[in-house]
There are 2 protein chains.
Amino acid sequence: MVPDHYLKLDNQFCFPIYALSREITQLYRAFLDELDITYPQYLVLLVLWQHERQTVNQLGEKLLLDSGTLTPLLKRLEQKHLVNRTRSRADERVVEISLTPAGAKLKEKARCIPKEMFGLLGISLEEMETLRNIAQKILQHNAREQKA
Amino acid sequence: MVPDHYLKLDNQFCFPIYALSREITQLYRAFLDELDITYPQYLVLLVLWQHERQTVNQLGEKLLLDSGTLTPLLKRLEQKHLVNRTRSRADERVVEISLTPAGAKLKEKARCIPKEMFGLLGISLEEMETLRNIAQKILQHNAREQKA
DNA sequence: GTAAATTAAATTGTGTGCAATTTAATTGCT
DNA sequence: AGCAATTAAATTGCACACAATTTAATTTAC
C-alpha cells in the first residue's frame, strides 16, 4: 500500500516548479509591461537579439514551443512592429522571423532585466545556478528519451 | 555597460524553470489522460483528497490561482461528476467544493503517479528536494513581499 | 515525370492563467 | 437602521500552450 503522504500537495515536487514558473512570469511583468511585451514574447526577442534571423521551427526548437503557440505570438510581435515575418524564397513553407529596427532597439531597454529579476528572488547566485542546472538536467533527460 | 551575455537565452535562469514547468505538465499527461483530468485539475483534486471540502478561495490560496482560473476549471470538474459546487448557507458569496464519491475514488488510481513521475525525471532524490526547497524559498520570499 | 510521403507553418478546438471588472452578499460605520 | 466599504465568486477579455488537423510546398520513390 502506497503511503498517503505521496498525494499531499506539500509533498509534490512538481507543484512548486509549476507555481514558481507562474510566479516568475508574474515578476517579469513589472519590467516587460513597460516594454509592452509578454514574457513569452520576451523569450522570442532574446533569441532574435542573439541570432537576428530565425525560422519558426528554429525558434520552436530553442524555446520548446510549437507553431500553434508561436504563430499567433509572432503575428502579435509583427503587429507591434518588433519583427518581420517573411516567407522564404528558397522554400515557401518556411517563414523567417527577423528583427525590425524597433525590435533591435528594445534590447537596450531590456538589458537590465535579468539582473533586476535576480534581485527579486531572494536566493544566492549559487542557489540560482543549482536550480538552473537541475532544471536543465531534467529537460535534457527528457529531450533524449523523446527522440529515442 | 552591462555585458551582452546577460541577454542570451542559455544564460537565463528563469527560462529553464518556465520550460521545465511545461515539460512537467506534459509528462503528467501520460498518467492523467487515463483519468481524464488535466494537471491543474489534478492539483485541485490533490487538495480535496487531503481536505475533503474547500472554498474557491481556499483552493486559490493553496494553489496560488485566482477564481478566474478556478471557476471554469471547477465547473469542468463538476461536469465530470468529480466534485460538487455548493453555495454556502452561512455566507452566500462562498462556494464550497467537495468531492463526489467518484472524485474520492479517483485517489486510488492516482496513488502511483508521484512515484512514477519521479522516475521519469532522471534526477536523484536529493536533487529533487534541492529543487523543491529553492523553489519554495523563492515563492515564500515573494509571498512575504507582496503582503508587506 | 508523376504520385506518394514528408515537412513547415497555419488553423481549429480546448483548457488554462491573469488583469480588470461586475454581481451579489456581507461587514463596518454612523 | 441605512448606507458605504469590503469581500467571494463570476464574468469579460486577452495571451498563451498543446493536440489534432489542414494547407501548401518540398522531397522521395518509382
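Labels below follow one simple rule: chain letters A, B, ... track the order of the sequence lines, proteins then strands, and each chain is numbered from 1.
- Under 4.0 Å is where a charged nitrogen must lie from a carboxylate oxygen, and between B/Arg85 and B/Glu96 no such pair does.
- At D/dC18, none of the side-chain N or O atoms of B/Arg29 fall inside 4.0 Å of OP1 or OP2 (strictly under the cut-off).
- Heavy-atom minimum distance, B/Gln54 versus B/Val47: OE1-CG1, 3.8 Å.
- Atom CD1 of B/Ile37 and atom C1' of C/dT16 are 15 Å apart (whole Å).
- Distances shorter than 4.0 Å separate some side-chain N or O of B/Gln26 from OP1 or OP2 on D/dA19.
- You won't find any donor-acceptor pair under 3.5 Å spanning the side chain of B/Thr71 and the base of D/dA9, going by distance alone.
- Heavy atoms of A/Leu70 sit nowhere under 4.0 angstrom from any nucleic acid atom.
- The residues A/Glu108 and A/Arg111 are annotated as salt-bridged, a charged nitrogen and a carboxylate oxygen being separated by less than 4.0 angstrom.
- Proximity note for A/Gln41 (side chain, C-beta onward) versus D/dA15, D/dA10, D/dC18: the nearest is D/dA15.
- Sparse packing is recorded around CD of B/Glu34, with 12 or fewer heavy atoms of other residues, nucleotides or ligands lying under 6.0 Å away.
- Set against D/dA17, D/dA15, D/dA10, the side chain of A/Arg76 has D/dA15 as its closest nucleotide.
- Salt-bridge formation is not detected for the pair A/Arg87/A/Glu92: no Lys NZ or Arg NE/NH1/NH2 atom is positioned less than 4.0 Å from an Asp or Glu carboxylate oxygen.
- Position along DNA chain D of the nearest nucleotide to B/Val56 versus A/Pro72 favours B/Val56 as the more 5'-ward residue.
- Position along DNA chain C of the nearest nucleotide to A/Asp91 versus B/Leu65 favours A/Asp91 as the more 5'-ward residue.
- The 5' end of DNA chain C is approached more closely, in terms of each residue's nearest nucleotide, by A/Thr55 than by the other of B/Ser88 and A/Thr55.
- Contacts of A/Asp66 with the nucleic acid, taken as non-hydrogen atoms under 4.0 Å apart, include base atoms.
- Rounded to whole angstrom, the span from the CG atom of A/Leu77 across to the P atom of D/dA15 amounts to 11 Å.
- In terms of position along DNA chain D, the nucleotide closest to A/Pro40 lies nearer the 5' end than the nucleotide closest to the other residue of the pair A/Pro40 and A/Ser67.
- Rounded to an integer number of Å, the gap from A/Leu59 CG to C/dA9 P is 9 Å.
- If you check every strand for non-hydrogen atoms under 4.0 Å, A/Thr69 touches a base.
- Of the candidates C/dA25, D/dA25, C/dC18, the closest approach to any side-chain atom of A/Arg93 belongs to D/dA25.
- Protein atom CZ of B/Arg85 is 17 Å distant from nucleotide atom P of D/dA8, rounded to whole Å.
- Among the nucleotides D/dA10, D/dT26, D/dC18, the one closest to any side-chain atom of A/Glu92 is D/dT26.
- Between B/Arg89 atom CZ and C/dA25 atom P the separation is 15 Å, expressed in whole Å.
- Set against D/dC18, C/dT11, C/dA10, the side chain of A/Lys75 has C/dT11 as its closest nucleotide.
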